[in-house]
Every structure is written in C-alpha cells, then in structure tokens.
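This report concerns only the one structure given below.
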Amino acid sequence: MPDEKKKTAGAFDIRVIIAALLGVYGVILVLLGIFNATDAELARGDGLNINLWGGLGMVVVAALFVTWARLRPVVLPPDFEAEEERKRQER
Amino acid sequence: MTLAAAGDTFQLDANVFDYVIIALYFVFVIGIGVVARRQVSSSIDFFLSGRSLPAWVTGLAFISANLGAVEIMGMSANGAQYGMATMHYFWIGAVPAMLFLGVVMMPFYYGSGVRSVPEFMRRRFGTGAHLVNALSFAIAQLLIAGINLYLLASIVNRLLGWPLWVSLVVAAAIVLSYTALGGLSAAIYNEVLQFFVIVAALTPLTIIALHKVGGWNGITERIQPGPEQLSSWPGTDLTGIDSPLLSVIGLVFGLGFVLSFGYWTTNFVEVQRAMASDSMSAARRSPIIGAFPKMFIPFIVVIPGIIAAIVVPEVTALKAGEDSGVTYNDAILLLMRDLLPNGMLGVAIAGLLASFMAGMAANISAFNTVFSYDLWQQYVVKDKPDAYYTLVGRLATVAATIIAIGTAVFASGYTNLMDYLQTLFGFFNAPLFATFILGMFWKRMTATAGWVGLVSGTAAAVLVAVLAEGTLGPLSVGVLPLSGQGASFVAAAAAFVVDIVVSIVVSMVTRPRVESELEGLVYSLTPKESLQDPDAHTLPWYQSPTKLAGLGLVIIIVLNIVFR
C-alpha cells in the first residue's frame, strides 16, 4: 500500500504539546516585555528585559520542536491495533 | 509547632498575567488527562506515543519523576547554605548511580523478568523480606509525598496569602483530582511536559540572577563567608565532618555509593519506568540518557541558590547567623520575588507547582500500587476479582492524600528539608541496596538473612540518628559528634555495613534455598544470554548504553575537576 497515507501521532505527539505550551508562554512574555516593561520592573534585574528575551527563547524552542516533529513524525505502524489486541489475549 | 514560621513573612506579587500563565499550565495538564482518558477506550495514539517515543523521552520521564521538591527547593537551599559542595548530590550522587543502573543492573532486571523491586524481594527471599520492603517503601512514599505537599502548599500560601493549613488542604485536593483525572496513562506525557516547564522557569531565573550579581566574577567576589564556598571538595561544611579526608570518604561512600546507589537502583518508581521499555537496549539507555540533563540541572538549581545568598537581603542575613524570619528553603522563592517581572514570575510559579504536583503524584501512585498489590492482595484479602483491587487502589489514593497532609505538618518542623530526606533514605534505602546487591551476586544468601538483614540495617541507621546531634530533633541525644547531612551519610553507611555483616552471619547458620528456584534471580545462576542485548553490535555509538555511559562518566569527571 504505497500511497496510503501513513497514520501519525499528529497533535498528540508530545513534541507538539510541548511546543504549544512554550509557544503560548513565549508570545505572552514577548508582548509583556515590549508593552508592559516599566522602569521599576527593569531595575529589579539591572536593566535586563527578561520577559522579552526569555519569551523569545521560548518561541525559538517551540519552533524547533515543531520543526523536529514535522521532519521526523511519530508514525504508527499500520498493524498497531491488531498487535495490541493479540498481546492482550496472550496475557 | 513551627508551621506558622513559613507563612506571613513574605508574598510573591503575582498579577493577572501570572495567573493566566499558571492557569494555562493547568489547562494543559488536565487536557492531557482528559484526552488520555478518552483515547484509552479506543486504544491508539496516546498509549502508542508512550511506547514509540524515542529514548530521549523515556530518559526525561525517568528523571522527571525525581525532579520534585527535593531537587528544586532542597538543592537551592543547600546551594544557598553550602555553596558548590551541593553539586556532589548530582555529580557524585545521582549520575554515577544512574550510569551504574543502565550498565550493570538493568540487564539483570530486564533479563530476569521481575516487574518491581518488592516482587524481586518476594521471589528471591520469600515473604519476610518482601513484607519489610513493601511496608518501608509504602511508609517512605507517604512521608515524601507529605514533603512535596508541604512545599506545594507553601507556594499557594505565598501566592494567595491563604493560611498554610487551608493551602495544604486545597493543594492536596488539586493533586488528588489531577491524579484521578490524569491516571497512569497520562503520566509519561505530564512528566515530560513538566520537565520543559521547569527548565523554562529556572533558566531565565538563573540568567537574570547571574546578570544581577555580575556574572561568575561577581559571585567569586561577593560570596560569603568566603571563596571556599565555590570549592566542591572536600565539602566539610556540607558533611559537618571536620577532617577533610573523612569528609571525602563520607561523600564518596555515604552519599555517592550507599545513598545514591540505593535510591537510583532500587527505587521502584524510577526503575520500573525504564523496565517497562520495549527492548533491552532502550531500557538500559533510559537512565543513561537521563543522566545527561541530570548533570546540568544543578546549574539552574544550585547556582540560583548560591546567588540568592548574595543578592537577597534576608538570606544574606540568615547566612550571617541572624534571624531574618526566612529559612534556606525560601531562597529560590525570594530570588523570584526580587528579580522576576510579572509574566516570567508566572512561568516560574507554574514550574514549581508542576514539579511538586508531579513529585507528589508519583509518590502517591507508587504508594497505591505497592499497597494494593504487594500488601493488600498478598497478605490481607486474596483472590478477589481485578475490579476489587482497583477499588482498593482508589481508596488507598484518597487515604494517602489525607495522610500526606499530616506528614506535611510534620515536615514543616524542619528548617532544612534535605536533612530530613537524607535521614529517611538512610533508614529505608541503604539496607535495601545492601540486601539486593548481596542477594543478587551471592547464591548462598538465605531467606531469613533477607529480612533479618533489612531490619537490622534499618535499626542501625536509626541508632546512628539517635546518637547524633539533632538528626531526629529532640530524639537525638548527641553522643556522636555528627550533625546535619554528615550524620545521614554515616547512618546510611552504618545501615549498609550492618546489613551486609548480619546477612552473611545469618546465611551461614540457616539453610540456603534450592538453586533451581533462584534461576534468573542470582547473577551466577542466570543464563548469560538473557543478560545481553541481541542487537547490541548493530547499534551506532550514540545508542550503545556502555559507550554513552562512558561519555557521561568523562563529563562528570571533567565537571568535578573544573569545579573542584
């Protein structure tokens, strides 16, 4: 069956879930870093805008995870369910 | 009761953005639980992802189960108090033991087909050692769950300003619902997600702390009481043993060998995760791959603790011997309060909550497994249908949560949680490792020797703790000039030695078991083929357990030399 589409874990791939959470965190932090960085807040960290830079870091990591999941998807073997059933009966 | 001492002294000023970030984390955790639950009935994606995930995920899940309160609050507390000597818990403690588990022990576990440590005990030594092992393990899990709960509640207390007892009850309820909803099928996903949230929380904290203090040079110039805090060896402050030579022996034998090998190679929460892998080489690689992030975790846990002792006024005062109303366990929270803007503060709080919830969930679920199958089914009510034991497991989960609340109140009486935890590991793990390793390599060891060795080893540890100064609070009489972590190392070493000696003596006067019953349980009686991976020679170097472990060993030796 060469042209049958392979079943992949898709959105349930743990890498996609990690990317989603880190990506949302990253976007929130970058926005806070740009629009909400008061001088008082910046002074706490001696001028380092950690929301902005930390947020950018998380966005980059999220992008890397998505790229990795795209390039090397988790492919489910076609006979997975049959295999599971067989094992269950053996027990 | 010093429970109130932890509250009221300071609060984190979280605002709406922080709450949104924390809420998002809960949405993901519960979402994973809900999806996992729905997918279970139709089998597929979720379970499969767990099974077909590459070894890096199994490795991360392996250390995530341990990345709870001990790691984050305890190790940053130690960093603030003792400085770089805290690195020993990772570079002398955990990592060599994890490599040893992957290289030496795992082929044996996997090849002999046991599924849990108590099960090994039952098959090797019969019900005596099994009962001792299962009971002490169950009790230890309850105590550690209590510590995780206490730390979780103290975060909720800081965050919302609720009284600590209200925080305790609410935090317990959150964990209970998360455990019930997520179930075991979601565990591996949540553990891996948790790992990344913790790293995402602690890395920016470390960066901003380093920026604030002026980099490594800033630490070197300003650390108190002096630059010796930046030397990990011989660690006399950490052990409380004045002689440098004895301190090194205490670290290498007590912490490195007995405590850490005992913990990482026999703790069923950790070991079972690797044993469940689908091939011998994957099972062996799990702890070895986990060892690599484990080497670098102290840089985002211990270093912030060290910096907290420099830049946070309350911790500086505490270290100078003044009463500033905080404890070392507060170090990382105070650093977050002082340095993180809203937004990143939310990520940091989410990371801490993630770590304590998962830590407690792991303890509770380990407890309920051992309680239901190894204790209730084995000794109390046998031969009931499977659904009956599932119900017992559920009730045990609820009971364990309630008991953990009581334990949390007890744990809060200690200023430095590590003392308390190390003491516990000394009592339970050290004799277990001794019995295990002797029983595994010496076929003459008898069933009686199994349980007598465990009991006398544990008794020896308790005796040392009672004779030391303050290890068990007012119970300790102070005859031995030992206190703090050093007393725990000595107690663990005593437990190990007494267990070995007693086991050998008892074995000599009791009847050994028939050799045919011990096949697969004792090294010399197990066929060598079942200890080897048939595909070993086809794997590239980065998938070969021994070569990876060799690389890991080289890196920790380099780290020890660089930060000596």
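Note that these values count all heavy atoms, side chains included, but never hydrogens, waters or copies made by symmetry. Reminder, nothing fancy here: chain letters follow the sequence lines and each chain counts from 1.
In summary, of the residues considered (A:Val27, A:Ile34, A:Ile28), a side chain to side chain contact (heavy atoms under 4.5 Å, CB included) with A:Val30 occurs for A:Ile34 alone.
Residue contact with chain B, scored on non-hydrogen atoms closer than 4.5 Å, involves the side chain of A:Leu29 exclusively. Heavy atoms closer than 4.5 Å to chain A are found in the side chain of B:Ala350, but not in its backbone. If you measure heavy-atom distances from A:Val61 to chain B, you find no contacts under 4.5 Å at all. Looking at A:Leu48, the atoms closer than 4.5 Å to chain B (heavy atoms on both sides) sit in the backbone and in the side chain alike. Only the side chain of A:Leu32 comes within less than 4.5 Å of a heavy atom of chain B; its backbone N, CA, C and O stay farther away. In this structure, the portion of A:Leu22 lying under 4.5 Å from any heavy atom of chain B is its side chain and not its backbone.
The choice from B:Leu205, B:Val197, B:Ile208 that makes the most heavy-atom pairs within less than 4.5 Å of chain A is B:Ile208.
With contacts defined as side-chain heavy-atom distances shorter than 4.5 Å, the pair B:Val311/B:Asp338 does not qualify.
At least one donor-acceptor pair under 3.5 Å links the side chain of A:Asn49 to the backbone N or O of A:Gly33. For the pair B:Asp18 (side chain) and B:Gly346 (backbone), a donor-acceptor distance under 3.5 Å is present. A donor-acceptor pair under 3.5 Å is absent between the side-chain atoms of B:Ser76 and the main chain of B:Gly305, judged by distance alone.
In this structure, B:Tyr25 has its ring center no closer than 6.0 Å to that of A:Tyr25.
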